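What you see is a predicted model, and the numbers here were worked out from it, not measured in a lab.
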Amino acid sequence: MGSARRKAVVVTALMAYAVLLLLGPSLLGEWAGVVILVASFAVGFAWLVLLVAPWAARGRPRPTPVRGPRP
């Protein structure tokens, strides 16, 4: 999955989460808290796995080793 597609998935999940936050209590009633809690976990996990993990897996570039003493 390419970087653009991963970002699109996370942005779509965030937009759905925002709609859930706005309309969830009126539509779901007393179950809204549980659904929002699970949705926040799912969106956070998607962000972590799809955006942060590939970035972290690349790591920092390593400096080139210096061969021999410097003058």
Side-chain angles (χ1 to χ4, degrees):
M1 185 182 307
S3 175
R5 179 173 269 174
R6 287 193 307 263
K7 287 179 186 175
V9 168
V10 172
V11 168
T12 303
L14 282 172
M15 297 303 285
Y17 181 66
V19 170
L20 179 65
L21 284 176
L22 292 174
L23 300 177
S26 63
L27 294 175
L28 300 171
E30 63 185 39
W31 286 98
V34 173
V35 173
I36 290 172
L37 180 69
V38 170
S40 65
F41 176 77
V43 170
F45 190 74
W47 174 77
L48 183 66
V49 169
L50 295 176
L51 294 183
V52 175
W55 171 77
R58 284 192 300 264
R60 292 177 29 178
R62 296 179 185 230
T64 56
V66 176
R67 308 269 179 180
R70 293 185 177 181

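Nearest heavy-atom pair, P25 versus A32, reported as atom, atom and distance to 0.1 Å: CA-CB, 3.7 Å. When all heavy atoms of A53 and V49 are compared, the closest pair comes out as CB-O, 3.5 Å. For the residue pair L20 and A39, the shortest heavy atom distance occurs at CD2-CB, 3.5 Å.
Applying side-chain contact (heavy atoms from CB on, under 4.5 Å) to W47 and the options L14, V11, V9, V52 leaves one that passes, V52.
Cluster annotation: L27 and V19 are assigned to the same hydrophobic cluster (Ile/Leu/Val/Met/Phe/Trp/Tyr, side-chain heavy-atom contacts under 4.5 Å, transitive).
Separating the OH atom in Y17 from the CG atom in L22 is a distance of 11.0 Å, to the nearest 0.5 Å. Distance CG/L28 to CD1/I36: 7.5 Å, rounded to 0.5 Å. With rounding to the nearest 0.5 Å, the separation of CG in L50 from CZ in F45 is 9.0 Å.
When atom types are taken as modelled, the side chain of R6 and the backbone of L51 share no donor-acceptor pair closer than 3.5 angstrom.
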